[in-house]
Amino acid sequence: MNNTSYTFAYLDEQTKREIRRALLKGLAIPGHQVPFASREMPLARGWGTGGMQVTAAVIGRNDVLKVIDQGADDTTNAVSIRQFFSRVAGVRTTTRTEEATLIQTRHRIPETPLRPGQIMVYQVPQPEPLWRLEPSRAETRRLHALAEYGLMHVKLYEDIAQHGRITLAYDYPVLVHGRYVMAPSPIPAFDNPKLHRSPAIHLFGAGREKRIYAVPPYTDVISLAFEDHPFRPWKAEAACALCGSTESYLDEILIDDRGTRRYICSDTDWCERRRTGGKTA
Amino acid sequence: MLTSGFADPIHDAQAAFRALLEAMARPGTIVSLPPCDPPPPLPQAAAAILLTLCDRDTPLWLDGPFATRAVGEWLRFHTASPLVSNPADASFAFACADSAPFDALAPGTDEAPERSATLVLLVEGFRSGRPLRLAGPGIESETVLSVDGVPNAFLGWRARNLALYPRGVDVLLITRTEAIALPRTTVVQEV
């Protein structure tokens, strides 16, 4: 139950309406960044306030919320945001991907395939895919309006010319519905293919930068590449030290002070379920 | 006498928004909206959309039959939205099928295509009538939708609207209590 005197889901109704209108326009124009007012939240900008505002505008009493930070349900940011919504909205929370109706994420898409009826909410630090290439927002708006993405292709080409391959490992730019180049948020490039024609709804919130954007289900999301240099997402050539998975995205961890390394699944729910044979721990 | 809005303003608005989100994400999906008690002839679905999405920041255009004194008073109390007489100034336009001002609505600009109107269009029903084939984002391959009471000008206008992409007007077709979304990306063709 909601045990605080805050309004349901913290935000006032006027703010929710504005975010809701932005979300609907975002779904109607896949990949286009819609400006929104972006309120103060009870944590600093840059800590997921965009994702939290989207979650607060979307969440209802019957939702089951999962929050992950780099794939993990048990890190500080994930635990705090989960507790926040269980206090201000009284919703049920879970760590199991398939039980959740709403998944707020910082920088991963779960390994367990998403299904219709699920909504992903991404915390986005930098919504503008062209920001390292063109500092002026007035100019990037114009480039998006003209679908002029030559700068991005030159950047990828220069990567190949200098390093022999495209060196972006995360926040790898995608073309959405054949029109807008979009920042998928700093998810690993490994996760990009999960956005392509996904059955779930994907909502992106950038609180500090005051932008909302969205990818509807079954929408083309293509990672930028060249014919002779196709998209090749990077992943550690190893198996998870805990569950043995070779198909999931792995984190590299140091386990002692002599530099011994191990790889473990970044998605803690996936890893735990594999170890317990699908049963809840 | 002023009639009420949602019985539970916060949770009914949330439920209505989730229905509209689902509708907009999956064009052609029929969603039902929570009940409320608007003055006639405003349909409940239109009122639910107004209560959920409209406020003083959203200029409204109302088609002749909806623009009664009672509806105006209800709107002033529940949404405080300004009413405009030129459809081009509206962010939400509520129209009856035959008299919708299709080409007059704002399609947004190239740099801000989100500054476009949403057309809420009252039709007769979704279970029979003219079959339409839908394709585009949100639809796995294609879906066929029957709409009773689609105006003749609708399909021609949708084709012109699609050509404006990413500019364009988004449509919510409504009956008394249900809605279907046709965002600007949806290709609508006769079967």
Under 4.5 Å from any heavy atom of chain B, what part of [X] do you find: side chain, backbone, both or neither?
{"X": "A:A57", "value": "backbone"}
{"X": "A:P199", "value": "backbone"}
{"X": "A:I119", "value": "side chain"}

Which one wins on heavy-atom pair count under 4.5 Å against chain B: [options]?
{"options": "A:I59, A:V176, A:V34, A:L146", "answer": "A:I59"}
{"options": "A:A147, A:A145, A:A214", "answer": "A:A145"}
{"options": "A:V215, A:L24, A:L23, A:L143", "answer": "A:L24"}

Quick check: closest heavy atoms across [X] and [Y], and the distance to 0.1 Å?
{"X": "B:P87", "Y": "B:L105", "answer": "O-CD2, 3.7 Å"}
{"X": "A:L27", "Y": "A:P216", "answer": "O-CG, 3.5 Å"}
{"X": "A:F36", "Y": "A:A22", "answer": "CB-CB, 4.4 Å"}

Please identify each residue that fulfils side chain to side chain contact (heavy atoms under 4.5 Å, CB included) with [X], with sequence neighbours left out.
{"X": "B:F77", "result": "B:L2"}
{"X": "A:P173", "result": "A:M152, A:L168, A:V181, A:L224"}
{"X": "B:A106", "result": "none"}

Largest heavy-atom contact set with chain A, pairs under 4.5 Å, which of B:A181, B:G138, B:A13: B:G138
Contact leader toward chain A among B:P9, B:P27, B:C54, where contacts are heavy-atom pairs under 4.5 Å: B:C54
Side chain, backbone, both or neither of B:L172 within contact of chain A (heavy atoms, under 4.5 Å): neither
Part of B:I10 within contact of chain A (heavy atom distance under 4.5 Å): both
Chain A/chain B interface donor-acceptor pairs under 3.5 Å:
unit_1, atom_1, unit_2, atom_2, d
A:Q14, NE2, B:D57, OD2, 3.3
A:R17, NE, B:D55, OD2, 3.0
A:R21, NH1, B:L53, O, 2.7
A:R21, NH1, B:D55, OD1, 3.3
A:R21, NH1, B:D55, OD2, 3.1
A:K25, NZ, B:S116, O, 3.3
A:K25, NZ, B:S116, OG, 3.2
A:K25, NZ, B:A117, O, 3.4
A:K25, NZ, B:T118, OG1, 3.1
A:K25, NZ, B:D170, OD2, 2.8
A:H32, NE2, B:E114, OE1, 2.7
A:V58, O, B:Q14, NE2, 2.7
A:V58, O, B:R18, NH1, 2.9
A:I59, O, B:Q14, NE2, 3.2
A:R61, NE, B:H11, ND1, 3.3
A:D63, OD1, B:R18, NH2, 2.9
A:D63, OD2, B:R18, NH1, 2.7
A:R197, NH2, B:E140, O, 2.7
A:P199, O, B:R26, NH1, 3.3
A:P199, O, B:R26, NH2, 3.0
A:P217, O, B:G138, N, 2.7

A:K194 side-chain N/O to A:I109 backbone N/O, donor-acceptor pair under 3.5 Å: yes
